[in-house]
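Data first, discussion second: the structure below is written as structure tokens.
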Amino acid sequence: MAGGQDPTVLPPPCAEGGCDGVVGDAGAGGGGLLPHLGRRTPPTPPRPSAAFLGGPGEGPPCGAGLGWASEGLGAGGKNRRVCHAAARLEMGSLWEEFNRLGTEMIVTKAGRRMFPTFQVKLSGLDPLADYVLLMDFVPLDDKRYRYAFHSSSWLAAGRADPAAPGRVHFHPDSPAKGAQWMRQIVSFDKLKLTNNLLDDNGHIILNSMHRYQPRFHVVFVDPRRDSERFAHQNFKSFSFPETQFMAVTAYQNHRITQLKIASNPFAKGFRDGEPEPWCGPLACPPGIYMGAKPRALPYPLPTFPPLSAYGTAAGTAFGYGQQ
């Protein structure tokens, strides 16, 4: 890799007016110039609020004069097809309401869908370029927790269990043009959470009684034959603090139970018998999934940064969901 830089190491903040140093950025790598798309006036890039960007480690939005139609790389080393990507979390007020109580998400052996569903509205993509959208989940700290009913709060109960197998969930419409992604709300309603370490259905595997942060990634499908050289330049990551949650096998806080029932129009009690997505006659390969269907990737998947890149302190005491 050009310059000998480690793609997992964050660069210093970008120079003013350049592409933002988003979470997971590496330094500028090698690579030629991107073809100009022929627009006389580049579109004005979005200026999302800090809540729409990936976390405290991110720099300012890209400079106003640098759209995706411009040549070359941004000052932060990101491909201009992702430099200006912005994501707005849908149902933000509902997520905030759950977060104030201490969001809990059910994990089952068969797999359970998330509620609220993770949904985003995208902007700032190249309408003619192909993108892949995916999610992963990272532990917020190195603790295991228990719920104290007398104080209606979560307490640290020792060191975390060994990490569950890391997986990513691809949006089933991937890859698709930027215009398609920006046309409507992107919903990860097929994503399921499980505590089954031997799961072969492609579900996200989590440890119960551990805290997690969902992460959302936009990956540009680079048509260059040597695109693996530029994998660290071709993605942008987003993390919304209000979507943090505790993985549980049964709801602990009765207020969470009440809010889930009241706000979920499809809630019919707590059920485990939801139909599973088709996985075909062959076992799904570990780690790579398109929904729950196996899929070979014609493009390299970048190495996403650890949660520490988001500036989240691990192992600290916290009052999660205290009433």
Side-chain angles (χ1 to χ4, degrees), residues 87 89-99 101-121 133-140 164-174 184-217 238-240 242-280 284 286-295 321:
L89 180 68
E90 295 295 308
M91 299 190 296
S93 59
L94 182 60
W95 278 106
E96 289 284 3
E97 191 172 358
F98 274 104
N99 188 51
L101 296 176
T103 309
E104 300 173 21
M105 293 288 180
I106 293 287
V107 294
T108 66
K109 184 175 181 180
R112 177 66 63 84
R113 289 186 174 92
M114 295 174 62
F115 185 84
T117 303
F118 188 91
Q119 298 177 326
V120 293
K121 187 70 171 67
L133 305 185
L134 62 148
M135 289 186 66
D136 66 352
F137 295 73
V138 288
L140 271 168
R167 286 181 171 177
V168 296
H169 176 94
F170 286 80
H171 192 283
D173 292 341
S174 298
Q184 56 195 8
I185 294 173
V186 176
S187 177
F188 283 84
D189 55 342
K190 303 298 184 184
L191 186 154
K192 287 190 175 183
L193 308 177
T194 183
N195 59 348
N196 180 11
L197 297 178
L198 302 178
D199 173 77
D200 61 359
N201 292 310
H203 304 327
I204 298 293
I205 302 176
L206 304 178
N207 287 322
S208 179
M209 299 301 192
H210 292 66
R211 299 171 66 213
Y212 290 94
Q213 172 67 64
R215 297 191 301 184
F216 170 62
H217 309 281
F238 301 85
S239 177
F240 302 92
E242 60 268 40
T243 62
Q244 298 172 6
F245 64 86
M246 186 76 70
V248 297
T249 55
Y251 293 122
Q252 305 295 299
N253 185 344
H254 72 279
R255 289 186 173 87
I256 289 293
T257 305
Q258 294 170 348
L259 183 56
K260 292 255 185 175
I261 295 175
S263 55
N264 185 355
F266 301 103
K268 297 178 181 178
F270 306 117
R271 56 203 186 279
D272 288 326
E274 297 176 340
E276 299 299 323
W278 179 83
C279 197
C284 294
I288 300 300
Y289 297 92
M290 181 68 70
K293 300 180 183 180
R295 174 138 182 185

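These numbers come from the heavy atoms of this one structure, side chains and all, not from hydrogens, waters or symmetry mates. Since the model is a prediction, treat every value here as computed from it, not as a measurement. Count residues from 1 along the sequence.
A distance of 9.0 Å separates CZ of Phe245 from CD of Gln213, quoted to the nearest 0.5 Å. Note that the CG atom of Asn196 and the CG atom of Leu206 stand 12.0 Å from one another [nearest 0.5 Å]. The CE atom of Met91 lies 5.0 Å from the OG1 atom of Thr117; values are rounded to the nearest 0.5 Å. The OG atom of Ser239 lies 10.5 Å from the CG atom of Leu89; values are rounded to the nearest 0.5 Å. Atom-to-atom distance recorded for Arg113:CZ and Leu191:CG is 9.5 Å, nearest 0.5 angstrom. Between Leu101 atom CG and Thr257 atom OG1 the span is 10.5 Å, to the nearest 0.5 Å.
Using a 4.5 Å heavy-atom cutoff, the side chains of Glu242 and Glu97 are not in contact. Put simply, the side chain of Leu94 reaches to within 4.5 Å of the side chain of Phe115, judged on heavy atoms. The shortest side-chain heavy-atom distance between Thr194 and Thr108 does not fall under the 4.5 Å cut-off. By the 4.5 Å heavy-atom criterion applied to side chains, Leu140 and Tyr212 are not counted as neighbours. Annotation: side chain of Phe118 is not in contact with side chain of Ser187 (no heavy-atom distance under 4.5 Å). Annotation: side chain of Glu90 is not in contact with side chain of Val120 (no heavy-atom distance under 4.5 Å). Here the side chains of Val107 and Arg112 are not in contact, with every heavy-atom distance at 4.5 Å or above. Asn195 has its side chain out of reach of Ile205: every pair of non-hydrogen atoms, C-beta onward, lies at least 4.5 Å apart.
Residues that satisfy the ring pair (Phe, Tyr, Trp, His ring centres under 6.0 Å) test with Phe188, not counting sequence neighbours, are His171, Phe216.
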Apply side chain to side chain contact (heavy atoms under 4.5 Å, CB included) to residues Met135 and His217 and explain how you reach the verdict. CA-CA 6 Å; Met135 289 186 66; His217 309 281; 5.9 Å; no

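Across all their heavy atoms, Gln252 and Met209 have their closest contact at CD-CE, 3.9 Å. Here the shortest heavy-atom pairing between Phe137 and Met114 reads CZ-SD, 3.7 Å. Scanning all heavy atoms of the two residues, the minimum distance from Leu133 to Ser174 falls at N-OG, 3.1 Å. Shortest non-hydrogen contact noted between Lys190 and Pro172 is CG-CG, 4.4 Å. When all heavy atoms of Val248 and Ser208 are compared, the pair lying nearest together is CA-OG, 3.7 Å.
Between Phe238 and Phe240, the ring planes are parallel. Angles under 30° get that label, and only those over 60° would be called perpendicular.
With 3.5 Å as the limit, one finds no donor-acceptor pair spanning the side chains of Gln244 and Thr103. Side-chain atoms of His169 and Asp136 include no donor-acceptor pair closer than 3.5 Å.
Salt-bridge formation is not detected for the pair Lys109/Asp199: no Lys NZ or Arg NE/NH1/NH2 atom is positioned less than 4.0 Å from an Asp or Glu carboxylate oxygen.
Judged by a 6.0 Å distance limit and a 45° cone about the ring axis, Lys260 is positioned over the six-membered ring of Phe98.
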